[in-house]
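Have a look at the structure below before the remarks.
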Amino acid sequence: MKPEEMEAAIMRNLADKTGKSLEEWFAVLDDSNITEKGDMKKYLKEDYGVGHFQTQTIVKHYLNG
């Protein structure tokens, strides 16, 4: 599977796998007031139990949006 295909699959399944849509994860990050990329990833993983690839995708889109 190509990286862009994998990301598309993660996006399609994000709400099912994590319980929140991408927009809901953006709100979580907004409310956190965390500004550093690495800290955002750590926060989602440790505080919310989000998986590695989902975390990478959420933070990537959050910072690029």
Side-chain angles (χ1 to χ4, degrees):
M1 184 179 284
K2 294 179 183 178
E4 56 272 7
E5 294 170 333
M6 185 175 191
E7 184 173 304
I10 290 169
M11 295 291 286
R12 272 193 313 274
N13 299 313
L14 190 63
D16 288 337
K17 295 284 185 180
T18 67
K20 294 185 186 337
S21 68
L22 188 62
E23 293 76 20
E24 290 170 313
W25 285 117
F26 287 178
V28 167
L29 290 173
D30 284 342
D31 291 344
S32 76
N33 294 315
I34 297 171
T35 58
E36 297 296 321
K37 181 179 181 178
D39 292 338
M40 289 177 190
K41 292 178 186 179
K42 183 178 177 182
Y43 176 66
L44 293 178
K45 287 179 182 181
E46 292 181 0
D47 288 34
Y48 289 92
V50 179
H52 176 76
F53 292 111
Q54 289 87 3
T55 297
Q56 296 282 79
T57 302
I58 293 165
V59 171
K60 173 187 171 185
H61 286 272
Y62 181 77
L63 294 175
N64 291 334

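We use all heavy atoms of the structure for the numbers below, so side chains are in, but hydrogens, waters and symmetry mates are not.
Note that CG of Leu22 and CE of Met11 are 4.5 Å apart. Values are rounded to the nearest 0.5 Å. Atom OG1 of Thr55 and atom OH of Tyr62 lie 14.5 Å apart (nearest 0.5 Å).
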Could you please spell out the steps behind the side-chain contact (heavy atoms from CB on, under 4.5 Å) verdict for Leu44 and Val59? CA-CA 9 Å; Leu44 293 178; Val59 171; 4.0 Å; yes

Please test Ile58 against Leu29 for side-chain contact (heavy atoms from CB on, under 4.5 Å), starting from the C-alpha separation and ending with a verdict. CA-CA 9 Å; Ile58 293 165; Leu29 290 173; 4.0 Å; yes

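For the pair Met6 and Met1, the tightest heavy-atom approach, listed with the atom from each and the gap, is CA-SD, 3.4 Å. Scanning both residues, Trp25 and Lys20, for their nearest heavy atoms gives NE1-CB, 3.2 Å. Of all the heavy atoms in Ile34 and Met40, the pair that sits closest is O-CE, 3.3 Å.
Dense packing is recorded around CD of Glu5, with more than 12 heavy atoms of other residues, nucleotides or ligands lying under 6.0 Å away. By the neighbour-count criterion of 12 heavy atoms within 6.0 Å, atom NZ of Lys45 is densely surrounded, having more than that number from other residues, nucleotides or ligands.
Taking the salt bridge (charged side-chain N to carboxylate O under 4.0 Å, His left out) definition, one finds that Glu24 meets it with nothing, sequence neighbours left out.
In summary, of the residues considered (Lys60, Gln56, Arg12), a side chain to side chain contact (heavy atoms under 4.5 Å, CB included) with Glu7 occurs for Lys60 alone.
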